[in-house]
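Worksheet: one structure, shown below.
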Amino acid sequence: MCCQCNGCVKKVIKSILSFEGVGKTQRDSATSEITVIGNRVDPVKLRGYIALKTKKKVELISPLPKKPEKETPKKKKVVKRQAPQMMSTVILKINLHCADCINKIENLMMTKFEGVDRDSFRVAKAKNLVTVKGTMNVTELTTYLKQKLKRDVHIFPAEGGAAKI
């Protein structure tokens, strides 16, 4: 504080005590220092609050405010490259009622699921079979379709390695 008169000291202490979290203060008249005791009091915010309220110069002695850290260059995100996935062909047995069902299945696979080759989508409505090629996770694909379509989706075993549709 710049002034040690009782009026100024009372004004400063009153301002300190009105700050949220402050419990009590102790004044050392020889050094013009005031010790603040409280719960979860941010010293930097308290210093600014007191300076604003009292229009006095307030110096923070302890704990010293942290110096603003220089902005360090942001670390580049490291993208882990996955091993190239092998193309696979999967034949799914799904109950296909109508053209809307087929459109919904195609839309779900093409727009919402990663790794499906757009040109490989084939449907055999009479057999209730859908053939798809791509690098997709087949187990996740069947689980995803079961949840979205709310019907059974099974992986159809291919005869001789591939089924004709």
Side-chain angles (χ1 to χ4, degrees), residues 15-25 35-55 58-165:
S15 295
I16 292 170
L17 291 172
S18 69
F19 192 77
E20 187 178 339
V22 173
K24 65 179 184 176
T25 61
T35 303
V36 178
I37 301 167
N39 292 330
R40 299 182 187 203
V41 177
D42 183 352
V44 176
K45 287 182 181 177
L46 177 62
R47 184 193 61 76
Y49 177 78
I50 296 167
L52 182 72
K53 284 291 202 177
T54 62
K55 309 282 193 260
V58 180
E59 215 175 300
L60 187 59
I61 298 172
S62 172
L64 292 174
K66 294 179 183 175
K67 293 181 180 177
E69 295 179 13
K70 293 180 181 176
E71 286 190 34
T72 56
K74 293 182 181 179
K75 294 180 181 177
K76 293 181 181 177
K77 291 182 182 179
V78 177
V79 178
K80 293 181 181 178
R81 293 189 180 186
Q82 297 176 344
Q85 295 179 336
M86 297 197 44
M87 288 289 280
S88 60
T89 302
V90 64
I91 301 169
L92 301 173
K93 183 149 182 88
I94 306 172
N95 189 9
L96 304 169
H97 306 125
C98 59
D100 286 339
C101 292
I102 295 169
N103 288 338
K104 184 175 182 180
I105 292 166
E106 184 177 13
N107 185 37
L108 287 171
M109 283 189 193
M110 300 303 166
T111 60
K112 308 290 183 186
F113 205 82
E114 192 175 312
V116 175
D117 182 19
R118 297 184 191 290
D119 299 327
S120 70
F121 185 79
R122 304 280 182 260
V123 176
K125 185 176 177 187
K127 296 179 183 179
N128 288 324
L129 298 177
V130 176
T131 302
V132 170
K133 292 180 184 178
T135 59
M136 68 278 171
N137 181 325
V138 177
T139 308
E140 287 179 12
L141 177 63
T142 55
T143 304
Y144 175 75
L145 290 173
K146 283 180 187 178
Q147 290 174 346
K148 293 296 181 181
L149 299 172
K150 295 181 176 50
R151 63 180 95 163
D152 288 333
V153 177
H154 300 285
I155 299 173
F156 190 76
E159 297 173 19
K164 294 181 181 178
I165 294 185

Please evaluate residues L92 and I155 with respect to the criterion side-chain contact (heavy atoms from CB on, under 4.5 Å), reporting the C-alpha separation (whole Å), side-chain torsions for both, the decisive distance (0.1 Å), and the verdict. CA-CA 5 Å; L92 301 173; I155 299 173; 4.1 Å; yes
Any heavy-atom pair between the side chains of V123 and I105 that's under 4.5 Å? no
Can you tell me how far apart CG (L145) and NZ (K104) are? Round to the nearest 0.5 Å. 10.5 Å
Look up atom CG in N107 and atom CG in D100, then write down how far apart they are to the nearest 0.5 Å. 11.5 Å
Roughly how far, to the nearest 0.5 Å, is the CD1 atom of I16 from the CZ atom of R47? 13.0 Å
Which atom of L149 lies closest to which atom of V153, heavy atoms considered: CD1-CG2, 4.5 Å
Which atom pair, heavy atoms only, marks the closest approach of Y49 to S15? CE2-O, 3.3 Å
Rounded distance [0.5 Å steps], OG1 in T142 versus CG in N137: 8.0 Å
Is any side-chain heavy atom of F19 closer than 4.5 Å to a side-chain heavy atom of I50? no
Residue pair R122 / D119: nearest heavy atoms and the distance that separates them: NH1-O, 3.2 Å
Does atom NZ of K133 have more than 12 heavy-atom neighbours, drawn from other residues, nucleotides or ligands, at distances under 6.0 Å? no
Checking the side chain of R151 only, and the main-chain atoms of K148 only, is there a donor and an acceptor separated by less than 3.5 Å? no
If you look at every heavy atom in K93 and K127, which pair is closest and at what distance? NZ-O, 3.3 Å
May I ask you to decide if L96's main-chain N or O and N128's side chain share a donor-acceptor pair within less than 3.5 Å? yes
What do you reckon, is CG of N39 surrounded by more than 12 foreign heavy atoms closer than 6.0 Å? no
Please examine the side chains of V116 and F121, heavy atoms only from C-beta on, and report whether any two atoms are closer than 4.5 Å. no
With rounding to the nearest 0.5 Å, note down the distance linking CD1 in I94 to NE2 in H154. 10.0 Å
Spacing of M136 atom CE and S88 atom OG [to the nearest 0.5 Å]: 4.5 Å
Mark yes when over 12 heavy atoms from residues, nucleotides or ligands other than K45 sit less than 6.0 Å from its NZ; otherwise mark no. no
Write down the atom of V22, the atom of V41, and the distance for their closest heavy-atom approach. N-CG2, 3.9 Å
